[in-house]
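Working notes for the structure below.
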Amino acid sequence: MNAQEETLVVDRIIAEARAAQAEYERNGSQSRYDRAAQAAGWAIMEPARNRSLSELAVKTTGLGNVSDKITKNHRKTLGLMRDISQAQTFGVLSDDAETGITTFLRPIGVVGAVVPSTNPAATPANNIINALKGGNAIILSPSPKGVACCTLLLEFIHAEFDKIGENKALVQMLPAPGSKAKTQRLLEQVDLAIVTGSQDNVRRAYSSGTPAIGVGAGNVTVIVDETADLESAASKIAASKTFDNATSCSSENALVVVESVYDDFTAALRKVGGAVLPASEEAGIVERLWPGGHLSREIIAKDADVMIEKLGLGDKLPEATRFIAVETQGIGAGHPLSGEKMSRIVALYRARDYEDAVDITQRILQFQGAGHSLGIHTENPDRPLALASRMPTCRVIVNQAHCFATGGAFDNGLPFSLSMGCGSWGGNSIDDNLHWRHFVQRSRVIRPIPAREPALEEIFADYWAEAGK
């Protein structure tokens with residue numbers, strides 16, 4: 001298929017989506033939007049379907065593990081459905097007599113969503129549910145390894161649509177094989193582009209001429225200070241670092257530990273299955289994890305035993321090892337261990353004191369991961385607030401398992417999402433978790449009201465008193 005033929009295929013799909021969305025909006029209601037979103041939610045959450053999607057995801061991408069993907073698909077979708085259950089996305093939002101403004105909520109139109117292979121069911125499902133809740137149609141562009149999983153997900157959603165008489169053209173995907181030309185055409189022709197994953201795709205979306213939401217790269221750094229509950233911190237870090245074999249962009253990639261508790265903390269890590277390797281092992285780890293300068297597909301997002309074997313550490317580590325912490329002090333392009341590793345490997349930094357830990361963390365984020373999030377384990381309530389006021393980050397996660405907390409959790413107040421905006425620090429247009437509000441827009445009726453023009457003195461009196469006229 002040549003470029004012109006690919007363009008025609010994409011244009012046909014978009015035309016079908018536009019026609020379906022126009023009818024969906026024209027005959028829309030809150031109950032219809034809610035029911036379509038529920039259909040998509042149940043399509044992935046129904047246990048047998050969830051297992052099928054999870055097994056297929058691991059089989060076709062080689063990333064993560066089945067049991068954790070089942071948990072992720074269930075909990076992320078359940079949390080999202082909770083978040084949107086009472087959200088108004090249709091009709092009159094407000095009618096303010098004082099300002100004379102009546103505000104209506106309206107769909108955006110046709111959404112194009114580029115989704116990664118790391119979460120080939122949960123991420124597209126999240127986007128689909130949000131899009132439908134807002135009255136939109138959506139077209140997916142999956143990564144090559146995510147095509148099979150997205151295809152199956154859409155089969156399940158369309159089966160649910162058959163039950164409620166909804167139009168299947170509201171949820172579509174670009175046909176295989178994927179190509180940059182197809183994705184580019186999609187980005188250029190839809191009403192909103194949503195991109196999770198490849199930073200190249202994020203940049204292409206922002207330059208496509210279409211309103212776009214892209215999310216930045218993760219490289220989570222977590223501080224453990226001298227006041228922390230060390231056993232609790234180690235347990236939470238272990239749970240987060242090993243979940244779905246560290247496929248999440250919110251998985252810890254660096255631990256910065258204050259000197260006074262360093263030995264006790266590393267002992268706590270060992271108790272929960274963490275193997276702490278000295279700096280002398282760093283070069284060997286880097287050589288195997290980044291052969292030829294690229295992350296090894298044989299190691300990233302693999303089970304612990306596979307990872308350990310591929311790293312050549314089978315005879316050096318305890319049998320119960322679940323993840324590896326490698327001591328290092330290097331930061332920057334010449335020290336790849338300071339960047340995202342997408343594996344059960346974390347860089348471990350020893351800080352002289354808390355201020356040094358903050359400095360190390362800032363340097364890591366300036367190298368990679370700015371805007372996304374950082375974590376801290378502490379009993380000092382002021383330190384997280386200070387971090388939020390000075391660090392290049394949109395989220396400071398306090399005393400939590402980072403990968404569970406960043407994308408929303410039942411015990412914190414963030415919206416459930418698999419796409420985290422990173423603000424200007426990460427080159428993104430949003431600084432919060434992608435959620436339903438990003439899939440609606442507002443239309444306003446403005447009526448005349450009695451004039452409210454102030455006298456100059458009302459505005460400038462204090463300034464004149466200080467500075468003069």
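A 4.5 Å side-chain heavy-atom check between Arg344 and Arg322 finds at least one atom pair inside the cut-off. Using a 4.5 Å cut-off on side-chain heavy atoms (C-beta onward), Glu160 and Ile164 make no contact. Ser232 places none of its side-chain heavy atoms less than 4.5 Å from the side chain of Asn399. Between Glu281 and Glu327, every side-chain heavy-atom pair lies at or beyond the 4.5 Å cut-off. For the pair Arg185 and Glu6, the minimum side-chain heavy-atom distance is 4.5 Å or more. A heavy-atom distance below 4.5 Å is found between the side chains of Lys133 and Asp34. Residues Leu78 and Phe416 are not in side-chain contact: their nearest non-hydrogen atoms beyond the backbone lie 4.5 Å or more apart. Residues Trp290 and Leu295 form a side-chain contact, since some pair of their non-hydrogen atoms from C-beta on lies under 4.5 Å apart.
In this structure, Asn136 contributes its side chain and Ala131 its backbone to a donor-acceptor pair below 3.5 Å. Judged by distance alone, the side chain of Asp431 and the main-chain N or O of Gly423 form no donor-acceptor pair under 3.5 Å. Between the side chain of Ser54 and the backbone N or O of Ile70 there is at least one donor-acceptor pair closer than 3.5 Å. Under the 3.5 Å distance criterion, the side-chain polar atoms of Gln441 are matched with a main-chain donor or acceptor of Pro107. Remark: the backbone N or O of Ser250 is paired with a side-chain donor or acceptor of His402 at under 3.5 angstrom. At distances below 3.5 Å, not a single donor-acceptor pair connects side-chain atoms of Glu309 with backbone N or O atoms of Met307. For Glu16 (side chain) and Ile13 (main-chain N/O), no donor-acceptor pair under 3.5 Å exists by modelled atom type. Using modelled atom types, no side-chain atom of Glu252 and backbone atom of Val220 make a donor-acceptor pair closer than 3.5 Å. Distance alone, capped at 3.5 Å, is enough to place a donor-acceptor pair between the Arg204 side chain and the Lys180 backbone. Using modelled atom types, one side-chain atom of Ser343 and one backbone atom of Lys341 make a donor-acceptor pair closer than 3.5 Å.
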Please tabulate, for side-chain N and O atoms in residues 296-303, each donor-acceptor pair with protein atoms closer than 3.5 Å (sequence neighbours left out).
unit_1, atom_1, unit_2, atom_2, d
Ser296, OG, Glu298, N, 3.1
Lys302, NZ, Gly62, O, 2.8
Asp303, OD1, Asn245, ND2, 2.9

Which pairs would a plain distance check flag for residues 113-128, meaning a side-chain donor or acceptor within less than 3.5 Å of a matching protein atom at least two apart in sequence or in another chain?
unit_1, atom_1, unit_2, atom_2, d
Asn119, OD1, Lys72, NZ, 2.6
Asn126, OD1, Asn130, ND2, 3.1

Check residues 358-375 and write down every donor-acceptor pair under 3.5 Å in which the side-chain atom is one partner and the other belongs to a residue at least two apart or another chain.
unit_1, atom_1, unit_2, atom_2, d
Thr361, OG1, Ala357, O, 2.8
Gln368, OE1, Glu340, N, 2.6

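By the side-chain hydrogen bond (donor to acceptor under 3.5 Å, both in side chains) test, Glu287 pairs with no residue at all, sequence neighbours left out. For Thr328, the side-chain contact (heavy atoms from CB on, under 4.5 Å) partners are Glu282, Leu337, Ala347, Tyr349, not counting sequence neighbours. By the salt bridge (Lys or Arg N to Asp or Glu O under 4.0 Å) test, Glu55 is found to be paired with Arg51, residues two or more places apart in sequence or in another chain being considered. Considering only residues two or more places apart in sequence or on other chains, Gln38 meets the side-chain contact (heavy atoms from CB on, under 4.5 Å) condition with Arg35, Met81. With sequence neighbours excluded, the residues satisfying side-chain hydrogen bond (donor to acceptor under 3.5 Å, both in side chains) with Arg383 are Asp225, Glu226. Listed by chain and residue number, nothing satisfies the side-chain hydrogen bond (donor to acceptor under 3.5 Å, both in side chains) test with Asp83 (two or more places apart in sequence, or in another chain). When the side-chain contact (heavy atoms from CB on, under 4.5 Å) test is applied to Ala409, the partners found at least two apart in sequence or on another chain are Asp411, Asn412. Every residue meeting the side-chain hydrogen bond (donor to acceptor under 3.5 Å, both in side chains) condition with His438, not counting sequence neighbours, appears here in chain and number order: Asp432.
Ion pairing between Asp191 and Arg18 holds under the 4.0 Å rule for side-chain N and carboxylate O. Between Arg26 and Glu23 there is no salt bridge, since no side-chain nitrogen of the basic residue lies less than 4.0 Å from a carboxylate oxygen of the acidic one.
Across all non-hydrogen atoms, the minimal contact from Phe104 to Thr102 is CE1-CG2, 3.8 Å. Looking at every heavy atom in both residues, Pro384 comes nearest to Ile376 through CG-CG2, 4.0 Å. Heavy-atom minimum distance, Arg82 versus Phe410: NH1-CD2, 3.6 Å. For Ile213 against Ser429, the heavy-atom pair with the smallest separation is CA-OG, 3.7 Å. Of all non-hydrogen atoms in Thr242 and Ala238, the two that sit nearest each other are OG1-O, 2.8 Å. Across every non-hydrogen atom of Lys69 and Asn50, the tightest pair is O-OD1, 4.2 Å.
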Determine whether Lys145 and Thr60 satisfy the following criterion, side-chain contact (heavy atoms from CB on, under 4.5 Å), listing intermediate values before the conclusion. CA-CA 6 Å; Lys145 289 189 176 182; Thr60 55; 5.7 Å; no
Audit row: Leu154, Lys168, side-chain contact (heavy atoms from CB on, under 4.5 Å) steps and yes/no: CA-CA 9 Å; Leu154 263 59; Lys168 298 176 186 176; over 6 Å; no
Go through the steps to decide whether Ile324 and Leu313 satisfy the test side-chain contact (heavy atoms from CB on, under 4.5 Å), and finish with yes or no. CA-CA 10 Å; Ile324 296 170; Leu313 298 172; 3.8 Å; yes
The test is side-chain contact (heavy atoms from CB on, under 4.5 Å); show your working for Thr378 and Ile223 and say whether it passes. CA-CA 8 Å; Thr378 183; Ile223 296 171; over 6 Å; no
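Among residue pairs with one or both ends in residues 25-53, those qualifying as ring-ring contact (aromatic ring centres under 6.0 Å, His included) are Tyr24-Tyr33, Tyr33-Phe90; sequence neighbours excluded.
For Arg75, the CZ atom is loosely surrounded, since the number of other residues' heavy atoms within 6.0 Å does not exceed 12.
Of the inter-residue distances, the one linking Leu174 atom CG with Ser179 atom OG reads 8.0 Å to the nearest 0.5 angstrom. Residue Ser208 holds its OG atom at 6.5 Å from CD of Glu188, rounded to the nearest 0.5 Å. A distance of 4.5 Å separates CG of Leu192 from CD1 of Ile108, quoted to the nearest 0.5 Å. For the atom pair OG of Ser207 and CZ of Arg203, the computed distance is 9.5 Å after rounding to the nearest 0.5 Å. The distance from the CG atom of Leu153 to the CG atom of Leu56 is 10.5 Å, given to the nearest 0.5 Å. Rounded to the nearest 0.5 angstrom, Leu269 CG and Ser235 OG are separated by 10.5 Å.
Aromatic ring pairs are classed by plane angle as parallel below 30°, tilted from 30° to 60° and perpendicular above 60°; the pair Phe404 and Phe243 is perpendicular.
Thr89 and Gln30 form a side-chain donor-acceptor contact under 3.5 Å, judged by distance and modelled atom types alone. Between the side chains of Thr77 and Asn73, no donor-acceptor pair is found at a separation under 3.5 Å.
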